[in-house]
Chemist: 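Quick one: this structure, given as structure tokens, is what I'll be asking you about.
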Amino acid sequence: RRSSDNAEQDIAFVNNELDTASLETFAGAGDAFVTTWYDQSGSGNDATQTTASAQPQIVSSGSTILENGKAAVDFDGVSNYFDVSLGTLKEVFTSFVSTPNTGSQIIGGENGAFGYSRENSRHRVWKVNSSTVNFSDFIVLPLTELITIDYSDSSNYSKLYRDGSLIGTEASLNISGNTTYIGQNNSGGAYIFNGSIQEIVFYTINKSLVRTGIETNINDFYSIY
């Protein structure tokens with residue numbers, strides 16, 4: 001959706017890259033916001049946001065927002081988020097590429113969420129699932145990261161990896177419910193994400209044995225680490 005007249009247009013791909021030339025032509029000298037982030041798997045699990053003030057931004061003053069030279073969807077930390085009907089995200093494997101700015105949550109459900117918290121002027125990955133901070137790996141933000149959450153351990157433990165390295169293991173991280181939220185923790189709109197997201201990949205089957213290959217593929221494209 002472009003800011004000049006609120007017209008909407010689908011933007012496709014050229015050589016497996018977002019067609020930023022067409023995107024910028026459509027946006028003109030103004031801004032553009034994402035109304036639908038299309039599922040590329042063919043399953044039709046599109047992430048949507050129909051409220052204009054809640055739509056994350058992808059073009060600013062005629063230029064595509066970039067991280068490491070790749071298009072990024074920017075969340076304002078105030079009201080931006082998407083809904084996506086994925087059902088219960090349990091026994092799945094998720095990877096995403098993000099550049100967080102402040103303490104906030106990236107993916108949540110009707111029950112459970114995970115994101116970032118600020119502590120002593122630094123940040124650390126955390127999960128909230130009727131619990132407190134559980135992952136204690138400290139990092140200085142902002143920086144672009146590849147985060148992988150593996151829920152598929154046979155002992156019902158979740159494992160969290162950053163840039164290919166294990167940084168925490170926690171029992172029963174379960175983001176469940178009929179709706180998954182990208183950019184906030186639940187339907188109440190708390191802990192809105194502040195930062196950008198470039199890609200989110202959900203798997204509904206165990207991908208633990210090929211995790212490193214998935215991460216290598218994503219890193220080759222985004223040049224994260």
Side-chain angles (χ1 to χ4, degrees), residues 1-41 44-86 95-108 113 115-116 118 123 140-147 179-202 218 221-224:
R1 178 184 63 84
R2 63 188 178 195
S3 59
S4 59
D5 60 1
N6 291 320
E8 297 181 9
Q9 178 173 304
D10 286 346
I11 304 298
F13 294 85
V14 174
N15 296 324
N16 295 317
E17 298 263 9
L18 182 68
D19 187 357
T20 56
S22 294
L23 174 62
E24 292 175 0
T25 296
F26 171 70
D31 300 332
F33 303 86
V34 181
T35 63
T36 303
W37 194 340
Y38 286 107
D39 176 11
Q40 300 301 302
S41 72
N45 294 318
D46 303 329
T48 60
Q49 180 51 263
T50 58
T51 302
S53 62
Q55 293 165 355
Q57 189 171 3
I58 195 166
V59 175
S60 177
S61 300
S63 297
T64 303
I65 295 171
L66 303 175
E67 295 289 350
N68 284 353
K70 303 289 187 181
V73 180
D74 189 60
F75 294 72
D76 66 0
V78 178
S79 61
N80 296 170
Y81 71 94
F82 292 111
D83 294 340
V84 55
S85 297
L86 290 174
S95 291
F96 59 89
V97 179
S98 70
T99 307
N101 293 323
T102 60
S104 49
Q105 296 192 345
I106 291 184
I107 297 177
Y116 296 82
R118 179 185 293 275
H123 293 71
V140 179
L141 299 180
L143 82 166
T144 301
E145 304 169 292
L146 168 59
I147 298 293
T179 302
T180 297
Y181 301 95
I182 298 172
Q184 67 174 2
N185 73 332
N186 56 42
S187 57
Y191 302 102
I192 303 293
F193 179 60
N194 185 326
S196 63
I197 302 175
Q198 292 174 283
E199 180 174 85
I200 303 175
V201 183
F202 292 105
I218 294 172
F221 184 76
Y222 290 101
S223 301
I224 303 165

Chemist: Apply side chain to side chain contact (heavy atoms under 4.5 Å, CB included) to the pair Phe82 and Val34, showing each step before the final yes or no.
Modeler: CA-CA 9 Å; Phe82 292 111; Val34 181; 3.6 Å; yes
Chemist: If you take all heavy atoms of Ile58 and Leu18, which pair is closest and at what distance?
Modeler: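 Reported closest heavy-atom pair: CD1-CD2, 4.0 Å.
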Chemist: Which heavy atom of Phe33 sits nearest to which heavy atom of Gln55, and what is that distance?
Modeler: CD2-O, 3.4 Å
Chemist: Judged by atom type as modelled, is there a donor-acceptor pair below 3.5 Å linking the side chain of Arg2 to the main-chain atoms of Gly30?
Modeler: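 Here the side-chain-to-backbone pair does not exist.
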Chemist: Locate the shortest heavy-atom distance separating Ser196 from Ala72; write the atom from each residue and the value.
Modeler: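 Heavy atoms of Ser196 and Ala72 come nearest at CB-CB, 3.8 Å.
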Chemist: Would a distance-only check, ignoring hydrogens and angles, find a side-chain to backbone donor-acceptor pair under 3.5 Å from Gln49 to Ala47?
Modeler: no
Chemist: Hey, are Thr48 and Asp46 close enough side-chain-wise for a donor-acceptor pair under 3.5 Å?
Modeler: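 Asp46 vs Thr48: no donor-acceptor pair found between side chains.
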Chemist: Write down the atom of Ile182, the atom of Phe75, and the distance for their closest heavy-atom approach.
Modeler: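 The answer is O-CE2, 3.7 Å.
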Chemist: Which atom pair, heavy atoms only, marks the closest approach of Phe26 to Ala7?
Modeler: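 Closest pair (atom of Phe26, atom of Ala7, distance): CZ-O, 3.2 Å.
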Chemist: I want to check something: taking the side chain as every heavy atom from C-beta on, are Glu199 and Phe221 in contact at a cut-off of under 4.5 Å?
Modeler: no
Chemist: Would you compute the distance between atom OG1 of Thr64 and atom NZ of Lys70 and round it to the nearest 0.5 angstrom?
Modeler: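 That separation rounds to 12.5 Å.
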Chemist: Could you tell me whether the side chains of Thr99 and Thr144 share a donor-acceptor contact shorter than 3.5 Å?
Modeler: yes
Chemist: Would a 4.5 Å heavy-atom cut-off, applied to side chains only, mark Asp74 and Pro56 as touching?
Modeler: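 A side-chain contact is absent here, since even the closest heavy-atom pair is not under 4.5 Å.
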Chemist: What is the minimum heavy-atom distance between Thr20 and Ala71, and which atoms define it?
Modeler: CG2-CB, 4.4 Å
Chemist: Ignoring hydrogens and angles, tell me if any N or O in the side chain of Asp39 forms a donor-acceptor pair with the backbone of Asn45 under 3.5 Å.
Modeler: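 Yes; judged by distance alone, with no hydrogens or angles, the pair exists.
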Chemist: Between the side chain of Asn68 and the main-chain N/O of Ser223, is any donor-acceptor distance below 3.5 Å?
Modeler: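 Yes; judged by distance alone, with no hydrogens or angles, the pair exists.
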Chemist: Using a 4.5 Å cut-off on heavy atoms from C-beta on, say whether the side chain of Ile197 contacts that of Trp37.
Modeler: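 Counting from C-beta outward, Trp37 and Ile197 do come under 4.5 Å.
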Chemist: Mark yes or no for whether Thr35, through its side chain, and Arg1, through its backbone, hold a donor-acceptor pair below 3.5 Å.
Modeler: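 Such a contact is absent between Thr35 side chain and Arg1 backbone.
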Chemist: Is the shortest side-chain heavy-atom distance between Ile65 and Gln57 below 4.5 Å?
Modeler: yes
Chemist: Got Ile11 and Asp19 here, is their nearest side-chain heavy-atom distance under 4.5 Å?
Modeler: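 When only atoms from C-beta onward are counted, Asp19 and Ile11 do touch, with a gap below 4.5 Å.
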